[in-house]
Amino acid sequence: MKNGGSDGTREIAVLGAGESGLGVAELAAALGWRSFVSDLGTVRPDRLQALEAAGAAVEHGRGKHDEARLMATGKSTGFVVKSPGIPEDAPLVAALREAGIDILSEIEFAFRHLPSTGSVPTPVVAITGSNGKTTTTALTGHLFEQAGWRTNVAGNIGKSWAATVLAPTDIHVLEVSSFQLDGVRTFRPNIAVLLNITPDHLDRYDHDMERYADAKWQITAHQTPEDLLILNADCPVSLAALKRNGTAARIAALSTSRTPDEVRAALAGAGVRVWSTAGLTPNGEAFTIEIPAKSPFTMTIQELALQGKHNLHNSMASSVAARVLDLRKEGIRESLQQFDGIEHRLEFVQEVNGIRFINDSKATNVNSAWYALESVTGPVIWVAGGVDKGNDYTSLLHLVDEKVDHLICLGKDNAKLKETFGPRVQTVHEVLSAEDAVGMAYHLGMPGMTVLLSPACASFDLFGSYEERGRAFKSAVKRL
């Protein structure tokens, strides 16, 4: 059936003109279709130019959608592609669903057009989790790039998958969020990685942890026995989701507290059939990956470029994916030793007069901030704050007691931070810019101290994104 275009070209409807909306428009253009992209807000000029270059008709800045056109286009195609930033229960989304129109995510739309090499689709590794998914995605991409594979690293980490899915590549390595997974119907990664599930974005899920966990679980919902789910066996919420929902995929279980034999025994006792394992050696100084029909891969923890308990899970997960797809053990080892990390995640910025500055702006939830505080040694000046997402700071109390001397609140509403941590630190300060935060930290600092930007909150009260916040922090440090 024809829809939309007077010239007979197929038209699809897209809600949201962000990175994912642009990617859908570009993929539609490559397929010979046109797109109607609708955004309540004003689209910035460079994005608008890119959308128009993709042949998209764009409405924006009106504070409302052309619902009649969206409804007509959606009924003709049977679907509308929605930006992950638009809530599932938005009135327009509910109306479209009531009209029998399916609401797809960008990754679902991209997956439906995944090219094949002969009769075999290009392999997909998809990575999700409340914390660590960006690091693990970047690390996994690094392993394959260093092995000589043409590697497309996309999704929540940067360029949308829809914009890149047709590019010639040997493997797609994707970071996917729960918001993106809400809209999948057939998305089936060959290797799915679920790193952990901790409280985050609960406002989107009516503060229901099971709903949030089940959204994450969509990463494996359409997998088959030919596929692999890499699962953190140390995460009780993930194991509960497995028990509640099940999976058809083979399971590779990871643990940073048990040996592979102990992991297998523990999960077998819980009724889980484990296909492969990654865990510590008996002395705890190395990890071992055991995969059927392959020789074990063992690496000492000290050799890893990424240090810290949280990064051990990330390194294990990436290594399992690499070994399953037959990367050489020595190549994996060298890549794990050389990886430089990613911007805004425990990123060392500079040392000024003996004071270390670390940018962890990507820590937009409590669990990420916990990892950061846990990994930093020495007295800490902690820069935190922003948009509180219903945070429970209880898990941070002992780390603040042990490590934090001064708290600098970088946000408009700091009442909860001050109430929770004020009695536990020497001083509390409030600022409204990254430059003032850095200046205050430098004034308070002494040689041997670490200034840690790890906000535990979203950035949108003072900044456009966590990237903008992190870059403002780094720029201020470099001006000291």
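The shortest distance between side-chain heavy atoms of Phe473 and Val451 falls below 4.5 Å. Using a 4.5 Å heavy-atom cutoff, the side chains of Leu174 and Thr137 are not in contact.
Applying the ring-ring contact (aromatic ring centres under 6.0 Å, His included) rule to pairs touching residues 221-263 yields nothing, sequence neighbours excluded. Within the structure, side-chain hydrogen bond (donor to acceptor under 3.5 Å, both in side chains) contacts touching residues 290-301 (residues at least two apart or in different chains) are Thr288-Thr298, Lys294-Asp326, Ser295-Lys329, Thr300-Glu303.
Aromatic ring orientation, Phe421 versus Trp382: perpendicular (interplanar angle above 60°, classes split at 30° and 60°).
At least one donor-acceptor pair under 3.5 Å links the side chain of Asn232 to the backbone N or O of Leu195. A donor-acceptor pair under 3.5 Å is formed between the side chain of Asn391 and the backbone N or O of Ala456. Within the 3.5 Å criterion, the main-chain N or O of Ser465 finds a donor-acceptor partner in the side chain of Ser459. Checked by atom type and distance alone, the side chain of Asp360 never pairs as donor or acceptor with a backbone atom of Ser454 at under 3.5 Å.
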Would you please test His172 and Trp161 for ring pair (Phe, Tyr, Trp, His ring centres under 6.0 Å) and show each step?
CA-CA 9 Å; His172 298 277; Trp161 192 31; 5.5 Å; yes

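The pair Glu467-Arg471 does not count as a salt bridge, with every side-chain nitrogen at least 4.0 angstrom from each carboxylate oxygen. In summary, Glu19 and Arg47 engage in a salt bridge, as defined by a charged side-chain N under 4.0 Å from a carboxylate O. A salt bridge is defined here as a Lys NZ or Arg NE, NH1 or NH2 lying under 4.0 Å from an Asp or Glu carboxylate O, and Lys82 with Glu88 meets this definition. Salt bridge annotation for Glu226-Arg250: absent, with no cationic side-chain nitrogen under 4.0 angstrom from a carboxylate oxygen. A salt bridge links Asp388 with Lys416: the distance from a Lys NZ or Arg NE/NH1/NH2 to an Asp or Glu carboxylate oxygen falls below 4.0 Å.
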